[in-house]
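All of these numbers come straight from a predicted model, not from anything done at the bench. Heavy atoms only: backbone and side chains are in, while hydrogens, waters and symmetry mates are out.
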Amino acid sequence: QLQASGGGLVQPGGSLRLSCATSGIIFSNRAWGWYRQAPGKQREWVAAITSGGSANLADSVKGRFTISRVNPKNTVYLQMNSLKPEDTAVYFCNAIRPGTYYKHYEPLFGSWGQGTLVTVSS
């Protein structure tokens with residue numbers, strides 16, 4: 001089970017910290033990622049972190065977002081700073097399908113959970 005939380009309404013330039021708690025899933029030896037889906041658009045990859053803690057970010061969020069993980073808590077985080085209106089989307093987490101890291105960051109699980117809505121607006 002994947003449970004994303006922490007979204008909300010924030011003004012441009014503001015910050016939010018998203019959490020994704022997992023249960024019933026092997027967490028520590030997998031890479032994990034954050035994805036988002038804006039209204040009317042396809043879901044896109046945003047950030048990923050390896051089992052060893054190395055992070056990769058999409059160009060659109062580099063320098064603004066940070067991904068991290070706490071293995072004992074089976075949780076992955078997304079710190080979002082300097083938010084822009086174009087960051088408005090529902091954010092989801094998922095494990096990264098083995099063999100796709102550094103390529104397409106394909107999600108592993110077909111079930112995404114509810115996601116958490118981030119709205120950036122003045």
**OP:** Sequence neighbours left out, what pairs pass salt bridge (charged side-chain N to carboxylate O under 4.0 Å, His left out) with at least one residue falling in residues 49-63?
**Re:**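 Listed by first then second residue: Asp59-Lys62.
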Are the side chains of [X] and [Y] in touch, meaning some heavy atoms are under 4.5 Å apart?
| X | Y | result |
| --- | --- | --- |
| Ile25 | Leu2 | yes |
| Phe92 | Pro107 | no |
| Leu108 | Pro98 | yes |
| Asn56 | Trp45 | yes |
| Arg36 | Asp87 | yes |
| Asn74 | Ser23 | no |
| Val118 | Met80 | yes |

**OP:** May I ask you to check whether Phe65 and Trp34 place their ring centres under 6.0 Å from each other?
**Re:**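 Not under 6.0 Å, so no.
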**OP:** Given side-chain contact (heavy atoms from CB on, under 4.5 Å), test Trp32 with Ile67 step by step and report yes or no.
**Re:** CA-CA 9 Å; Trp32 288 86; Ile67 186 172; 5.7 Å; no
Original post:
Are Val90 and Tyr105 in one and the same hydrophobic cluster, where Ile, Leu, Val, Met, Phe, Trp and Tyr link if side-chain heavy atoms are under 4.5 Å apart?
Top reply: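 Yes: a chain of side-chain contacts under 4.5 Å links Val90 to Tyr105.
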Original post:
In terms of heavy-atom contacts, does CD of Gln114 have more than 12 from other residues, nucleotides or ligands at under 6.0 Å?
Top reply: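 No, the 6.0 Å shell around CD holds no more than 12 heavy atoms from other groups.
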